[in-house]
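Since the structure comes first, as structure tokens, the remarks are kept for the end.
Both backbone and side-chain heavy atoms feed into the values below; hydrogens, waters and symmetry mates do not. Atoms within a ligand are numbered from 1 in the order they appear, just like the ligands themselves.
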Amino acid sequence: MIFHLTSKKPILVVGNGVRSAEAKKLLLEFAEKTSIPVLTTMNGVDLIQDELRIGFIGVYGNRAANMIVNSADLVIAVGARLGLRQVGNAKAFFAPNARLIRADIDQYELSRSIKEDEEKYLIDAAKFLQELLGEEIPRYDAWKRRCFAVKELLAETDQEPGNLCIRKIAELLPPDPVIAVDVGQNLCWSAQSFSLKGQRGRILIGGGYGSMGCALPFAIGASIAESKGTVYCVTGDGGLQMNIQELQVVVREQLPIKILVLNNHVLGKISEIQQFSYDCRYAQTTRESGYTVPDFRRIAEAYGIRAVSVDSFMELENYRAWLSDKTPCLIDICLEEDSRLIPKVNWNSNQILPEIDAMLQKKAEELLM
Ligand SMILES: Cc1ncc(C[n+]2csc(CCOP(=O)(O)OP(=O)(O)O)c2C)c(N)n1
């Protein structure tokens, strides 16, 4: 018996290992059979979508997801390595009220301990889920409803312009889209706010490698793999400048890649670190400190790609047709320079910052009690 029947608030945390083991169907089956809430890591953010999606955990994870981890009494992590980005610096604060079960195919990942009494299974994610499916596990409908009520309650907190922009893009996409995302704030906003229609869509990210400029080559590869399929490429202005020459491949191969530039005119992720951790001593990240952005519309047009610059993501509505036809395009979306990345889990505790309205916080905590 792997599952602890005494558990009242169990959760599943799934990572990319579930995809590698081709166990996504088993995951959905398990989630449906038991009603145990499913959370993901950033790498597994597209493993579960639509009404099943609560969010991803970790430093820049969704507030509701991290609150649920803080309150759960059983965490079953499958194919999720639970690295620093998920667990933080002070392991004692990770899922402080829970027993931890870890299933991973990678011996090295399991050799790192997170909790002294954690239970580890060196096993393929599909086999592990199959074993769980064979166990008599009660349904957790009421607990799942409470988790989703918290998600609902907090739906409008932490909504920076970057999040709202991703929500707008998601609204305009067809079911099961393939999306390639770059690195920086644009990645975190995407992971936080891309709720996809359908269960087969993909969000391709560089994960732990964090190599800026990956989105456009990812999009090219994904489009070719799908016999010139449509791919949505979400990138920051800095990331696009890393591999901008690949626009020629898009044109030469006539790939229906839709490039959406979240253009805040700064190397946002790093300028934010310089703002908060280095007392606003910006270096090579903002216009004044030595970073500038070209006119992407004109560059795309020079390559022969249809392009437009919009002052606000609200204008994306006017380009619905561009996003659904089979021709490449670039939409340069102007974002506020100071669109921030929130919430953030304190590296040395499990406190989620910034604090929200006390009444809202209390209500969410009561739901999770
Ligand atoms: C090749 C490479 N160089 C530097 C970094 C460090 N880095 C991470 S995010 C980032 C800024 C990204 O800026 P931008 O592409 O404009 O995206 P934003 O954060 O503004 O969304 C930098 C420099 C990196 N991850 N990869």
Side-chain angles (χ1 to χ4, degrees), residues 42-43 45 56 58-61 83-85 158-170 179-194 203-221 232-247 257-278 280-297 299-300 307 309-313 316 330-344 347:
M42 188 190 264
N43 281 356
V45 79
F56 81 103
V59 184
Y60 293 111
L84 261 188
R85 291 259 151 202
D158 310 310
Q159 293 306 301
E160 287 285 297
N163 296 92
L164 298 174
C165 178
I166 295 295
R167 279 168 70 166
K168 186 73 215 170
I169 294 170
I179 304 164
V181 187
D182 213 79
V183 172
Q185 289 176 315
N186 61 90
L187 169 59
C188 299
W189 290 324
S190 294
Q192 290 173 341
S193 298
F194 253 132
I203 299 178
L204 305 163
I205 64 170
Y209 291 113
S211 38
M212 274 170 79
C214 64
L216 186 53
F218 278 0
I220 290 171
Y232 300 90
C233 169
V234 173
T235 178
D237 43 85
L240 184 57
Q241 292 190 76
M242 290 271 166
N243 273 322
I244 203 156
Q245 75 285 356
E246 300 305 324
L247 289 176
I257 292 177
K258 317 291 184 178
I259 302 163
L260 297 142
V261 190
L262 269 55
N263 189 352
N264 50 6
H265 298 86
V266 288
L267 294 176
K269 185 76 194 66
I270 305 299
S271 73
E272 187 170 278
I273 294 172
Q274 292 170 347
Q275 179 184 5
F276 292 112
S277 305
Y278 294 90
C280 295
R281 291 198 298 280
Y282 299 106
Q284 281 75 48
T285 56
T286 60
R287 174 186 290 279
E288 297 71 27
S289 72
Y291 168 79
T292 49
V293 175
D295 183 336
F296 289 118
R297 179 184 65 79
I299 288 180
S309 278
V310 295
D311 291 332
S312 151
F313 55 83
L316 286 173
L330 180 144
I331 307 182
D332 177 24
I333 309 162
C334 189
L335 263 193
E336 287 87 332
E337 235 179 68
D338 58 355
S339 178
R340 290 289 161 232
L341 189 50
I342 54 170
K344 187 173 182 208
W347 201 237

Has Arg85 got more than 12 heavy atoms of other residues, nucleotides or ligands less than 6.0 Å from its CZ? no
Between CZ on residue Phe296 and SG on residue Cys334, distance to nearest 0.5 Å: 11.5 Å
Spacing of NZ belonging to Lys269 relative to CD belonging to Gln185, to within rounding of 0.5 Å: 7.0 Å
Mind checking whether Leu262 has a heavy atom under 4.0 Å from ligand 1? no
Name the closest protein heavy atom to [atom], giving the residue it belongs to and the distance to 0.1 Å.
atom	answer
atom 5 (C) of ligand 1	Met212 SD, 3.6 Å
atom 20 (O) of ligand 1	Gly268 N, 2.8 Å
atom 17 (O) of ligand 1	Asn186 ND2, 3.2 Å

Going by the atom numbers of ligand 1, which of them fall below 4.0 Å from some non-hydrogen atom of [X]?
X	result
Gly210	24 (C), 25 (N), 26 (N)
Ile270	7 (N), 8 (C), 10 (C), 11 (C), 22 (C), 23 (C)
Gly239	15 (O)
Gly184	9 (S), 19 (O)

Less than 3.5 Å between some nitrogen or oxygen of [X] and one of ligand 1, yes or no?
X	value
Gly238	yes
Val266	yes
Lys269	yes
Asn264	yes

Ligand 1 versus Thr285, non-hydrogen atoms closer than 4.0 Å: side chain, backbone, both, neither? neither
For atom 18 (P) of ligand 1, which of His265, Gln185, Glu272, Met242 has the closest heavy atom? Gln185
For the pair Ser309 (side chain) and Arg297 (backbone), establish whether a donor and an acceptor sit closer than 3.5 Å, ignoring hydrogens and angles. no
Closest non-hydrogen atoms of Leu341 and Cys188, given as atom of the first, atom of the second and distance, are CD1-CB, 3.3 Å
Write down the atom of Gly61, the atom of Gln192, and the distance for their closest heavy-atom approach. O-NE2, 4.4 Å
Identify which one of Leu240, Asp182, Ile244 satisfies the side chain to side chain contact (heavy atoms under 4.5 Å, CB included) criterion when paired with Leu216. Leu240
